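Chain letters run A, B, ... following the sequence lines, proteins first, then strands; residues in each count from 1. Owing to the predicted nature of the structure, the values given are computational and were not obtained by experimental measurement.
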Amino acid sequence: MLSRRTFLRATGVTGGAALLAGCGTADEVLVEPRDPEDDVELLNDLLEIELAAASFYERAAEQLDGEAAEFAELFARQEREHADALTEAIEARDATPSEPDDEPDLPEDQDELLQAAADIENEAIFAMNDAVARLSDPELRRTVFTIVAVESEHLTVIRGELGEPQAPDSFAIGTPA
Amino acid sequence: VSDPVTRRAAVREGLALGGGVLAAGSVAALVTAPAARSQDEDVATLERLVELEQRAALAYREMAEGDLLEEEVRAAAELFADQEDEHVEALAAALADRGGRVPDPPAAADVEGLEDLSSQEEALELAIDLENALVRAYGEAAEAFEAPELIKTCAQILGSEGTHLVVARQQLGRDPVPEAFEEGESD
């Protein structure tokens, strides 16, 4: 399969040294307590991302062909599961889960659609990496870790479908929205 | 005294805490004690993560240098070895910041099954086992760590391990993302 071979090309290993400074210093060991009330806002931000991703994949599955369509169907189900988990966590805190945003139009071209999927995953990864560091509840942090790993896996599959290197970076940083 | 502003004020002014009047130094000791305990725990967790990353790097390198892998898989193993080394480097920096020591590099015998590989399929299976152990360990670290930047860096590394898992699964002809939540497995 083209996608699984091409990841071997142009596999620039980048970013590691730059991240060393971001790894936590002795000063940061004295951590100020997080506010549990902030958790709900963070969870709702992530829920909006998951709802948008699920909606995207559900609609994309109808436009994509072959294996890509199958992946889109699978990813839609998995994003829904993430959204359900986040909704449950929000409701457990006696808060109201966010509603889905309006659905943007999708590109018609297959590659553009896959690129849009890659963008969604990259933005989700960036947002989750940021949010998980600010969550006060350790169990929530672990749950978000199990989700962000899957978003990175989705991105890896999509890169393969696009014929791009699947593992270009040592650190899954994502991209800001 | 839970919020940081109040804590800082208490340290600065040596105010009454819990019914007793404490000197500023005593209050500071109370405030930093939990963090000091956390630092010891962080060191232990970081050492564990470094050990797992070192083993994964060694395994990928040994696989890449052996003769069991087809060229494209060999190239992937070489790339992943480099990436695991970068993870070690990042974690080692955090470890040093906390007064910890990077574990000695492992030998091939320290990676269960590495010296017994006899096929590409077995090598990929071992890669999945090592990655699953890493995923599990990072999940545990997410609960244990409190320093935000450390948690964030671990999340970024975790994503990389997820990438490795997908590539290994696809090379074995398996579902690349079999679960909605990637929890990993204990080694």
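The closest donor-acceptor contact from the side chain of Arg141(A) to the backbone of Ala142(B) lies under 3.5 Å. A distance-only check finds no donor-acceptor pair linking the side chain of Glu182(B) to the backbone of Ser152(A) [under 3.5 Å].
In terms of heavy-atom proximity, Val150(A) sits nearest to Ala180(B) at CG2-O, 3.2 Å. Shortest non-hydrogen contact noted between Ala172(A) and Gly159(B) is CB-CA, 3.7 Å. Closest non-hydrogen pair, Gln83(B) versus Asp169(A), comes out as NE2-O, 3.3 Å.
Considering only heavy atoms from C-beta on, His87(B) comes within 4.5 Å of Ser170(A) through its side chain. The shortest distance between side-chain heavy atoms of Glu179(B) and Thr146(A) does not fall below 4.5 Å. Phe145(A) places a side-chain heavy atom less than 4.5 Å from the side chain of Ile151(B). By the 4.5 Å heavy-atom criterion applied to side chains, Lys152(B) and Asp130(A) are counted as neighbours.
Counting heavy-atom pairs closer than 4.5 Å to chain A, the top-ranked of the candidates His164(B), Glu84(B), Glu140(B) is Glu140(B).
The structure places CD of Glu70(A) at 10.0 Å from CG of Asp175(B), a figure rounded to the nearest 0.5 Å.
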Just do the side chain to side chain contact (heavy atoms under 4.5 Å, CB included) check on Gln170(B) and Val157(A) with the steps written out, would you?
CA-CA 9 Å; Gln170(B) 287 186 316; Val157(A) 171; 4.3 Å; yes
Mind running side chain to side chain contact (heavy atoms under 4.5 Å, CB included) on Gln78(A) and Phe181(B) for me, showing each step along the way?
CA-CA 8 Å; Gln78(A) 293 180 331; Phe181(B) 300 88; over 6 Å; no
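Atom CD of Glu41(A) has 12 or fewer neighbouring heavy atoms from other residues, nucleotides or ligands inside a 6.0 Å radius. The number of heavy atoms from other shown groups lying within 6.0 Å of CD (Glu122(B)) is above 12. Taking a 6.0 Å sphere around CD of Glu139(A), one finds it holds 12 or fewer heavy atoms contributed by other residues, nucleotides or ligands.
For Phe75(A), the part lying under 4.5 angstrom from a heavy atom of chain B is the side chain only. Of the atoms belonging to Ala131(A), not a single heavy atom falls under 4.5 Å from chain B. Both the backbone and the side chain of Arg142(A) have a heavy atom closer than 4.5 Å to some heavy atom of chain B. For a residue to count as touching a neighbouring chain, one of its non-hydrogen atoms must lie under 4.5 Å from one of that chain's; by this rule Ile125(A) does not touch chain B.
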